[in-house]
Amino acid sequence: GAVIAGLEATYSAHALPHERIGAEEAGKRYPALRLPESHAVFVDPEGGWLRVEESVGAFHDLARRAGAELRFQSTVDTWEADGRGVAVHCNGETMRAAALVIAAGAWGAPILQSLGAAVRIDARVQVWAQPDGGVGLGPDACPIYFVVEDQGVFYGFPRQSCGTMKIAEHGAPRPLA
């Protein structure tokens, strides 16, 4: 379908190293994968994933080095912009800054909607599982995968050093509100 055509076009256009193998060969290389014979499998030797928590921590460090003051687990009561910047009233304290970044995730929707921004919150199902045994599920034996099925589009990562592996839904978003 469209996903396979898009992968083939991307690999070709950017001269990216890859290998296309059948489901049977994929099962031999990666015994944890049991795919229908009709599935196409791309092996991407340069593929990988970001460790989200470590990535966010790196962004926090960069922001601090640039002079930002980060506040967590704080409730913003109100804020207003004026000719001198922004005043933020938080937990009985008023802070001033040249700019304000609202990074509240889904909890930021009411604030952003009050500013006239169109906000839609989508559900994304993801599971971190800790399989019993986990033989053949580590990075050396189980690839990052992306599977297109009639029921939806899913992806996942091999077992991490902490013992968990990720399985998540990728397809079209489902609005919560």
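Hydrogens, waters and symmetry mates play no part in the numbers below; they use all other heavy atoms, side chains included.
Connection of Leu35 to Tyr30 is established within a shared hydrophobic cluster, with ILVMFWY side chains joined at heavy-atom distances below 4.5 Å, either directly or through further cluster members. Ile144 and Leu33 fall into different hydrophobic clusters, where Ile, Leu, Val, Met, Phe, Trp and Tyr side chains are chained together by heavy-atom contacts under 4.5 Å. Hydrophobic clustering places Val3 together with Val153 (ILVMFWY residues linked when any side-chain heavy atoms are closer than 4.5 Å, directly or through intermediates). Hydrophobic cluster membership differs between Val147 and Val125, with clusters built from Ile, Leu, Val, Met, Phe, Trp and Tyr side chains linked at under 4.5 angstrom. Side-chain heavy atoms closer than 4.5 Å link hydrophobic residues (I, L, V, M, F, W, Y) into clusters, and following such links, even through other members, never connects Met95 to Val101.
Remark: Arg20 does not engage Glu25 in a salt bridge, criterion side-chain N to carboxylate O under 4.0 Å. A salt bridge links Arg120 with Asp122; the closest basic N to acidic carboxylate O contact falls under 4.0 Å. A salt bridge links Glu93 and Arg71; the closest N-O separation between the charged side-chain nitrogens and carboxylate oxygens is under 4.0 Å.
Taking CD of Gln126 as the start and CD of Glu169 as the end, the distance is 10.5 Å to the nearest 0.5 Å. Once rounded to the nearest 0.5 Å, the distance linking CZ of Arg159 with CG of Asp140 reads 11.5 Å. Considering CD1 of Ile167 and CE of Met165, their distance stands at 5.5 Å, rounded to 0.5 Å. Separation of atoms CG (Leu100) and CH2 (Trp79) is listed at 6.0 Å; rounding is to 0.5 Å.
The local environment of CZ in Arg84 is sparse, with at most 12 non-hydrogen atoms from other residues, nucleotides or ligands closer than 6.0 Å. Other residues, nucleotides and ligands contribute at most 12 non-hydrogen atoms within 6.0 Å of the CD atom of Glu24.
Counted by atom type alone, His18 and Glu46 present zero donor-acceptor pairs between their side chains at under 3.5 Å. Gln160 and Arg51 share a side-chain donor-acceptor pair at under 3.5 Å.
Looking only at side-chain heavy atoms (C-beta outward), Cys90 and Thr75 stay at 4.5 Å or farther from each other. Looking at heavy atoms from C-beta onward, Ile4 lies in side-chain contact with Phe42 at the 4.5 angstrom threshold. By the 4.5 Å heavy-atom criterion applied to side chains, Ser55 and Leu50 are counted as neighbours.
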Is there a side-chain contact (heavy atoms from CB on, under 4.5 Å) between Phe146 and His170 once you walk through the steps?
CA-CA 9 Å; Phe146 184 85; His170 177 74; 3.4 Å; yes
Using side-chain contact (heavy atoms from CB on, under 4.5 Å), reason through Val88 and Thr94 one step at a time and then give a plain yes or no.
CA-CA 6 Å; Val88 180; Thr94 299; over 6 Å; no
What's the verdict on side-chain contact (heavy atoms from CB on, under 4.5 Å) for Glu149 and His39, showing C-alpha distance, side-chain angles and the deciding distance?
CA-CA 9 Å; Glu149 292 285 349; His39 279 51; 3.0 Å; yes
Report the C-alpha separation of His89 and Glu80 in whole Å, then their side-chain angles, then the decisive distance to 0.1 Å, and conclude whether the side-chain contact (heavy atoms from CB on, under 4.5 Å) test is met.
CA-CA 9 Å; His89 308 283; Glu80 65 268 348; 2.9 Å; yes
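Residues Pro17 and Pro45 approach most closely at O-CD, 3.5 Å, considering heavy atoms. Here the closest heavy-atom approach between residue Pro143 and residue Pro158 is recorded as O-CD, 4.0 Å. Nearest heavy atom pair, residue Leu70 against residue Ala63, reads CD2-CB, 4.3 Å. Closest approach of Leu137 and Pro131 over heavy atoms only: CD1-CG, 3.6 Å.
Sorted by first and then second residue, the ring pair (Phe, Tyr, Trp, His ring centres under 6.0 Å) pairs with a member in residues 43-66 read Trp49-Phe157, His60-Phe72; sequence neighbours excluded. Pairs passing the salt bridge (charged side-chain N to carboxylate O under 4.0 Å, His left out) check and including a residue from residues 94-114, sequence neighbours excluded, read Asp82-Arg96.
For the pair Asn91 (side chain) and Val76 (backbone), a donor-acceptor distance under 3.5 Å is absent. Within the 3.5 Å criterion, the main-chain N or O of Ala68 finds no donor-acceptor partner in the side chain of Arg64. Proximity of a side-chain donor or acceptor of Thr10 to a complementary backbone N or O of Gly6 within less than 3.5 Å is detected.
Listed by chain and number, the residues in a salt bridge (Lys or Arg N to Asp or Glu O under 4.0 Å) with Asp44 amount to none (sequence neighbours excluded).
For Tyr155 and Tyr145, the ring centers are positioned 6.0 Å apart or more.
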